[in-house]
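Remarks on the structure that follows.
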Amino acid sequence: MRQGDSNGSSTQHAALTTNTRRLPTPGKATILAIGKAFPSQIIPQECLVEGYIRDTKCVDAYIKEKLERLCKNTTVKTRYTVMSKEILDKYPELATEGSPTIKQKLEIANPAVVEMATKASLCCIKEWGRPAQDITHIVYVSSSEIRLPGGDLYLANELGLRSDVGRVMLYFLGCYGGVTGLRVAKDIAENNPGSRVLVTTSETTILGFRPPNKARPYDLVGAALFGDGAAAVIVGANPVVGQESPFMELSYAVQKFLPETHSVIDGRLSEEGINFKLGRDLPQKIEDNIEEFCRKLMAKSSVKEFNDLFWAVHPGGPAILNKLESTLKLSSDKLECSRKALMDYGNVSSNTIFYVMEYMREFLKDGAEEWGLGLAFGPGITFEGVLLRSL
């Protein structure tokens, strides 16, 4: 494992600490620190096809050609993965079509997600600068593990948190889980004076790993687009002056689902793991509803024009970003942080919004925009959004 650019993150953090531009609103939740972590295996996108075809023992030329095409279209350059040669050597049945491997996959995924979550949280706590025992609540987000007790308890133990820490688990929300975690943390922070909430997201694609099959075209999309990793933020209201350095305020949060769209993103757990189906109309459904959703969020600010906001959007894929950009007539630089996160890490489900926000922190150093939107989309179809204020 590596903690992922922690030195660069600390440098950015120090610069922002000395150039804080705006005072936080009393009583409003703020993001006080951010961290990330990844598995040790890195996959350059140009190496993915050969490795995936070899690991799954696929001999179908059509599947290989289609995967090559998908990999080029995703705009992803690098990703990280828990999967390794050692795992495949230990569990060769993972590469066998139709094998009941959910037990084996959970043996791999359950500890892996907690290990990544722990490293991301430690990175975040180090930047925060206060003792881990000052954390009063955990919001733990993952669509990659299944067990009782859940990863939230394992994480609390690993970090040495107090036994009375308040724990919330958010399981199987998919790509919008990170923004849901922020919304829940915001409510906790604003309604429990002095609280400090650790939001941790951790994901691996292990549960969905299987040999490719023409009958499951979305498996190839997943192989071409998704990656593994973890992220963490600490959320709290009324930051301690001289001790805490907030960089973003969570002003207002909204969740919305689109009726009769529950089958557009469909995930089912089986003896083989988790199977996903993704409707081709997902980008169009988002396009049809995004403007109204964004206007509801920005109505709480003084901003009237979309291009006067900064945009932290979960990069589900390039098609979704392109649709959002064209529908809202955004200038080409508005989704730059989202496109960079997709390029550097792939779609890492609930984590990815925090990778976007870390890039956004650097982007906002000049203080040009005060208000922005954090957005993510996932099963439901669910829209999750937060009105952000740069500090």
Side-chain angles (χ1 to χ4, degrees), residues 28-31 34 139-144 168-190 197 199-203 226 231-233 235 248-262 264-267 276 278-279 282-283 285-301 306 309-317 319-321 323-324 327-328 335 337-338 341-342 347-358 360 371-389:
K28 283 285 186 183
T30 63
I31 299 178
I34 193 165
V139 178
Y140 181 89
V141 183
S142 183
S143 299
S144 305
V168 176
M169 280 196 311
L170 298 175
Y171 269 11
F172 286 94
L173 302 184
C175 289
Y176 68 85
V179 184
T180 303
L182 284 177
R183 176 170 54 83
V184 172
K186 170 181 167 61
D187 286 349
I188 293 171
E190 293 178 357
V197 187
V199 181
T200 303
T201 60
S202 189
E203 307 286 5
F226 283 87
V233 294
V235 174
M248 203 170 278
E249 188 173 284
L250 308 176
S251 181
Y252 175 59
V254 174
Q255 185 191 69
K256 175 184 179 179
F257 73 91
L258 306 182
E260 306 303 322
T261 62
H262 49 273
V264 176
I265 305 173
D266 186 72
F276 279 105
L278 186 66
L282 175 60
K285 294 288 187 184
I286 292 174
E287 178 184 5
D288 293 343
N289 293 275
I290 189 62
E291 182 169 353
E292 178 187 356
F293 185 74
C294 290
R295 291 206 179 278
K296 181 175 182 179
L297 282 164
M298 63 192 290
K300 297 290 185 177
S301 74
F306 290 133
L309 296 163
F310 63 86
W311 293 79
V313 180
H314 168 79
I320 290 174
L321 294 178
K323 282 282 189 182
L324 192 146
T327 301
L328 302 182
L335 299 181
C337 293
S338 296
L342 182 63
N347 182 339
V348 200
S349 193
S350 63
N351 306 325
T352 326
I353 189 64
F354 298 117
Y355 306 154
V356 176
M357 285 184 170
E358 188 178 46
M360 185 62 66
W371 295 96
L373 298 185
L375 303 173
F377 319 101
I381 295 171
T382 299
F383 284 31
E384 191 81 64
V386 56
L387 177 66
L388 304 168
R389 181 170 170 256

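These numbers were taken from a predicted model, which means no experiment stands behind them.
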Which pair of non-hydrogen atoms, one from Cys294 and one from Leu328, has the smallest distance, and what is that distance? SG-CD1, 4.2 Å
Once rounded to the nearest 0.5 Å, what's the spacing between atom CZ of Phe257 and atom OG1 of Thr382? 8.0 Å
So how far is it from Leu173 CG to Thr201 OG1, rounded to the nearest 0.5 Å? 11.5 Å
Do any N or O atoms from the side chain of Glu203 and from the backbone of Ser143 form a donor-acceptor pair under 3.5 angstrom? yes
What's the shortest heavy-atom distance between Ile265 and Pro379, and which atoms? CD1-N, 3.7 Å
Shortest non-hydrogen pair, Phe276 vs Gly267, comes out as CD2-CA, 3.8 Å
More than 12 non-hydrogen atoms from neighbouring residues, nucleotides or ligands closer than 6.0 Å to NZ on Lys285, yes or no? no
Contact summary for Ala185 and Val199, nearest pair of heavy atoms: CB-CG2, 3.5 Å
State the CD1-CD1 distance between Ile320 and Ile290, to the nearest 0.5 angstrom. 10.0 Å
Judged by atom type as modelled, is there a donor-acceptor pair below 3.5 Å linking the side chain of Trp311 to the main-chain atoms of Ser338? no
For Gly178 and Phe354, work out which heavy atoms get closest and say how close. O-CZ, 3.5 Å
Nearest 0.5 Å, please: how far is CD in Gln255 from CZ in Phe293? 8.5 Å
Do Phe383 and Val254 come close enough that some side-chain heavy atom pair is under 4.5 Å? no
Side chain to side chain contact (heavy atoms under 4.5 Å, CB included) evaluation trace for Val313 with Phe377: CA-CA 9 Å; Val313 180; Phe377 319 101; 4.1 Å; yes
Could you please spell out the steps behind the side chain to side chain contact (heavy atoms under 4.5 Å, CB included) verdict for Phe310 and Cys337? CA-CA 10 Å; Phe310 63 86; Cys337 293; over 6 Å; no
Show, in sequence, the C-alpha distance, side-chain angles and deciding distance for Leu375 and Leu297, and conclude whether the side chain to side chain contact (heavy atoms under 4.5 Å, CB included) test is met. CA-CA 10 Å; Leu375 303 173; Leu297 282 164; 3.9 Å; yes
Test item: Thr352 and Pro315 side chains (from C-beta on) under 4.5 Å apart, heavy atoms: yes
Mind checking whether Leu309 and Met298 have side chains closer than 4.5 Å, heavy atoms only? yes
Between Thr261 and Ile381, is there a donor-acceptor pair closer than 3.5 Å when you use the side chain of the first and the backbone of the second? yes
Within a strict 4.5 Å, meaning less than it, do heavy atoms of the Val233 and Met357 side chains meet? no
Minimal heavy-atom distance between Lys28 and Ser251, with the atoms involved, is NZ-O, 2.6 Å
More than 12 heavy atoms of other residues, nucleotides or ligands under 6.0 Å from NZ of Lys300: yes or no? no
Would a 4.5 Å heavy-atom cut-off, applied to side chains only, mark Met360 and Met248 as touching? yes
About how many Å separate NZ of Lys186 and CG of Leu182, when rounded to the nearest 0.5 Å? 10.5 Å
If you round to the nearest 0.5 Å, how far is CG of Leu324 from CD of Glu291? 10.5 Å
Kindly say whether Ala29 contributes a backbone atom to a donor-acceptor pair with the side chain of Glu190 at under 3.5 angstrom? yes
Among Leu387, Ile31, Thr30, find the residue that satisfies the side chain to side chain contact (heavy atoms under 4.5 Å, CB included) test when tested with Glu249. Thr30
Side chain to side chain contact (heavy atoms under 4.5 Å, CB included), that's the test. Do Thr200 and Val141 meet it? Break it down for me. CA-CA 6 Å; Thr200 303; Val141 183; over 6 Å; no
